[in-house]
Participant: 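I am attaching a structure below and will ask some questions about it afterwards.
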Amino acid sequence: MNFLSLSRLLALAIFVTAPVVRVEAQKSTPEKSIVRVNATLQDYSFLRPWEKGAPTPRRGLGAVLEGNRVLITAEMCVNSSYLELEHPSSGARVTARIAGIDYEANLAVLEPANSDSKVFEGLEPLAFDDSVTAGETLNVWQIEDNGDGVSTDVEVLRVDVGRYFIPGSVFLLYQVKGSLQARTNSFTLPVVKNGKLVGMLLSYSSKEQTASVLPAPIVKAFLADLEDGEYEGFPNLGISFAQTLDETFREFTKIADKEGGIFVREVGKGGSADKAGIKKGDVILSIAGQAIDSRGNYNHPKYGKLSFSHLVRGGAKVGDSIKLELIREGEPLSIEVPLARKKAEDFLIDPYMFDRGPKYFIYGGLIFQELTLPYLESWGEDWTNRAPFNLVYANSDPHPFEEEGREKLVFLSNVLKTPSTLGYESINSVVLSKVNGVFIKNIKDLSAAFAAVPENGLHTIEFDDYPKVIYIDDRVSKLVNQQLIQYGIAQLERLE
Amino acid sequence: MNPPRFLPSAVLSLGFALAAPILQSQQGSLPGPRLVPPGAAASAPEKAPPLDMPPPESVQTDISEIEFDAIVRVEVDTKQPNYRVPWNVGGMGSGNGTGFLVGPNRFLTNAHVVSDSRLIYIKNVSDPEPYKARVLYVAHDCDLALLELESEADFEAGFKGIQPLLISGIPKLNTTVIAVGYPIGGDRISVTRGVVSRIDFRGYSHSGVDNHLAIQIDAAINPGNSGGPVLQNNQVVGVAFQGYSGDVAQNTGYMIPVPVIERFLKDVEDGDYDRYVDLATSFLNLLNPAQRRALGLPNDGIGVMVGQADAAGSAGGVLKTKDVVLSIDGHPIASDGFIEIEGERVDLNEIIERKFSGDTVALEIWRDGKREKTSVTLKRFIPYLIQAVQYDKQPSFVLYAGLQFQPLDRNMMAAHSITDLRTRYFYGFYGDDEIYRERPEVVVLTEVLPDATNTHIQTFKHLVVDQINGKKITILQDVYDAFHGDFHEEGHEEYHVVRLVGEERPLVLKREESAVAHDRIKSQYNVSFDHFIEKPEILEIEGLFEKSEDGKEGAKADKDAPKPESEEKPKEESPKAEEAAPAKKAA
């Protein structure tokens, strides 16, 4: 699981000094409003789903919020086994826990596990400022080893919409220019304007000397959502679209006399658009009263041209309704779309999966798993060529599997050589269809199907492709299961 | 007993073919697309060595008896078709290999020496005269070709009194052999010596999808040795054909062994090369006691289970999933898929490897708890052709208003570096998922030559075409017809409408504009002709495409229909077909 490839880390191996100003203790200053965050991360293994990988450290800075809470990027504590907050100068430490996290929005709030710690002694919470526009100068905060604060100026080049952390999950971003120095605890850094928090630094390119900042408007929405204790997340529409710059195509779809509009290429099953009845081939002319141009942008009063997705993610909450003006088969149409968020686990193939291991089930040495994108990505950078192609393709077009009524794609990932699996050793990466005659919609079905032992004591396991069908002996498999536990596989299943 | 799998090309790009440095044309650098089928465990007959073979230590120390005049230099000018810009003539190149006389005016060499040839000249060692030659038969699936001099008089002049080389059998391990030919390093004939290192099945890199018996030797064989004889006791024991480049492995050269050579020579006796046949069936071993019990089999270590018999293959309609094959031509099949022939344990496909198109193979099967006898009439498995490297072919294409359409095959995938997952799926699963039933040819929009009329549809290239102007595209000819015939989408009469598989946004061109644009684009882009269409070989499979109008539904119903008791023998394919048939992994 190489989500956190080097390019996404703050590659801070630079030695150019930019305008660095020692900040006078006046309003909020780095040393007064940030804490060090020390995380120990441990990825899950897909080859051996009962294992966790080697622990790796990650150190960043969090912004102190009201109520002794600390804001960081979610990436900072992804798959964390241990989290710790550290006072910037005194070095006082306390174990931390995650009070709220959203990997799509790449934000997390930490709180101390022990409230009477000295980590927050002398520290003041930061206020927010969400007024940033292009051309302004912001300060990126860092802390020296000795606890002194450092503030580096960066200039906002533009405000647009781009990827945070999860591929395909886009939000509002400030693109900034400036030169940052490598310091400890640099994985994530607070960005301020006049002592008020305007965002968190997401990524930095030392070559280009540009960085992107996760902005305060998104942070505020995240925090507001957390307040009632039930986190909903940011809504999504669930469509993919084509631009309509092509005049011939505009005439063909009978939108030639209109301005702008985007053509709906796909509607994600079970997403907001799907539920509201948006169809493939619809042309969306406006969203929430904002005209959408033929590239998919609208005119934001402050930021200028911005992707329509910000109208959904930045301007509305789960549960809100949003009005779409459409052209369908040449006729105008207006549809209210109640906004929801399709969670990662609601997809046939989870687009991301953190803080839990892959779901698996081992029986007699057959290792079954639910397919997730991280499983495929565990093949490395070039996973589209290196992972089993049938699974790569299933991920790119899950529709036929959804039509079959599957909730998850359960497959035989590997076969451990055991007395029960004799002859099956070379079988791997095949999609499961039935066990003992029962269609397998998810890994729990699989567990239940194996629990019902047929009269002849033989389990029938059917696949979509080669080898089509195999059988294992229940008595032998149960013995094997015991041996596997003795052998050191602590758990033969993870169904939740 | 591996299932069909799709491996990165690195796994299979084992060797270099041994034709001498051909000046490669600028395009079409194979090996190609990322998806390469493992191809085939087609196997060669195990042949007992002749009884009169002398003991190993004395073999081939004396070369004075060798008829060097029978070993010729084959000089070839090539023209390599351009699958990227198919109307271009293609790259010109030249190269040379080796060949040898096997009969009156019959020279054996490698297929890859003479593939894509324009001109072939043959020279022997003691005669300055180059003689013009031509290809009589070429077998791309086992990398062999038979040449003849165009003029009998030339043959009389150049080869009078020269005896053809005699063909022997399979040499024993660790016996000495010599490779003779015209490799790089000089112009005169070269002799290198080594021993037989290994006898095994391996991929033949010329087609990229075929596996046959091959013999590894440690005599130095280098580019230019290709097609040359490997001798023992002055008799041919193999044809040098491929090896590793020096940075991969040392002292490993491969030769095509006698069983493969003899099969080729026998196949062409009737005037046509009919290619290797294939069961096109995947088998699962029956080592697992639970599997055997479930299938009602005794624990006697006999039989393999049918995973899938491809509908377009020999066993399609004869074998079904879960059938157990107990014996093949009377040889009991062990539960690991091996049989015993002449005292050797060999893959069951050995039987098939010996057979010819139209031969039958007798199978004893276990179906629904009963023993049955059946037979399969063998033919080659055409669907795997799309994954084989194509030679001696002009690329098919249709260009209309800047939109370039080509049928999916390995050369095209490589030339356009196609990475689109759906298109890769069609390529990789064309056979396994029986895509050919709905689309005998998978037609891809490979290029859009930019013009004012099509400037916004650049991003849609490399996708599979589903329909044009309401006409379903099942072969390339449909594309030509859809643009030039009376076809239009209902209500969209003034447009050409191209619909791509998996893409909701249609590509639309105005009919009036595109007719003008077509001529403009042709002249601007120097397009000398705007289509070349060849009927795909797969249409020759009888009984598959009668119901093509019904589309997928019809085909599926047909497939699932219960088979009558009296089995229908698959029809023999036409021998006119031109390309190599890749064998398919069957066990």
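Keep in mind it's a predicted model, so treat the numbers as computed, not measured. Each chain gets a letter, A, B and so on, in the order its sequence line appears, and its residues count up from 1.
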Participant: To the nearest 0.5 Å, tell me how far A/Tyr393 OH sits from B/Arg424 CZ.
Facilitator: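 A/Tyr393 OH to B/Arg424 CZ: 11.5 Å, rounded to 0.5 Å.
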
Participant: In this structure, are over 12 heavy atoms from other groups packed under 6.0 Å from B/Gln458 atom CD?
Facilitator: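 Yes, enclosed.
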
Participant: Taking the side chain as every heavy atom from C-beta outward, state whether A/Leu422 and B/Pro289 have any pair of such atoms under 4.5 Å apart.
Facilitator: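 Contact flag for A/Leu422/B/Pro289 side chains = yes.
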
Participant: Below 4.5 Å, heavy atoms only, C-beta onward: do B/Lys322 and A/Lys468 meet side chain to side chain?
Facilitator: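 When only atoms from C-beta onward are counted, A/Lys468 and B/Lys322 do not touch, as no gap falls below 4.5 Å.
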
Participant: Counting C-beta onward and ignoring hydrogens, is there a side-chain heavy-atom pair between B/Leu284 and A/Ile470 closer than 4.5 Å?
Facilitator: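 Yes, side chains in contact.
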
Participant: Would you find a donor on one side and an acceptor on the other, under 3.5 Å apart, between the side chain of A/Tyr466 and the backbone of B/Phe283?
Facilitator: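 Side chain of A/Tyr466 to backbone of B/Phe283, a donor-acceptor pair under 3.5 Å: yes, one is there.
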
Participant: To check you understand the geometry: which heavy-atom pair defines the closest contact between A/Asn456 and B/Arg293, and what is its length?
Facilitator: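 So the two residues come closest at O-NH2, 3.0 Å.
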
Participant: Taking every non-hydrogen pair under 4.5 Å, which of B/Lys510, B/His492, B/Glu513 racks up the most with chain A?
Facilitator: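 If we count pairs closer than 4.5 Å to chain A, B/His492 comes out on top.
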
Participant: Counting only N and O atoms by type, is there a donor-acceptor contact under 3.5 Å from the side chain of B/Asn285 to the main-chain atoms of A/Gly423?
Facilitator: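 Side chain of B/Asn285 to backbone of A/Gly423: a pair is present.
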
Participant: Between A/Thr421 and chain B, which part of the residue has a heavy atom less than 4.5 Å away: side chain, backbone, both or neither?
Facilitator: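 Contact with chain B: backbone only.
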
Participant: Does any part of the side chain of B/Val497, heavy atoms only, come nearer than 4.5 Å to the side chain of A/Phe252, both counted from C-beta?
Facilitator: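 Touching, per the 4.5 Å side-chain cut-off.
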
Participant: At their closest point, which heavy atom of A/Asp473 faces which heavy atom of B/Ala290, and how far apart are they?
Facilitator: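 Looking at all heavy atoms of both residues, the closest pair is N-CB, 3.4 Å.
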
Participant: Could you tell me which non-hydrogen atom of B/Glu504 sits nearest to which non-hydrogen atom of A/Arg265, and how far apart they are?
Facilitator: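 Heavy atoms only, the tightest pair is CB-O, 3.3 Å.
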
Participant: Distance-only, no hydrogens or angles: does the B/Gln291 side chain make a donor-acceptor pair with backbone N or O of A/Val469 under 3.5 Å?
Facilitator: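 Yes; at least one donor-acceptor contact below 3.5 Å.
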
Participant: Quick one: is the NZ or CZ of B/Arg505 closer than 6.0 Å to the six-membered ring centre of A/Phe249, and within 45° of its axis?
Facilitator: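 Yes, B/Arg505 sits over the ring of A/Phe249.
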
Participant: Just wondering, do A/Thr248 and B/Tyr495 contact through their side chains at under 4.5 Å, heavy atoms?
Facilitator: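 With C-beta onward as the side chain, the pair touches.
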
Participant: As a quick check of understanding, evaluate side chain to side chain contact (heavy atoms under 4.5 Å, CB included) for A/Asp465 and B/Asp433, giving each step before the final call.
Facilitator: CA-CA 9 Å; A/Asp465 297 313; B/Asp433 283 2; 4.2 Å; yes

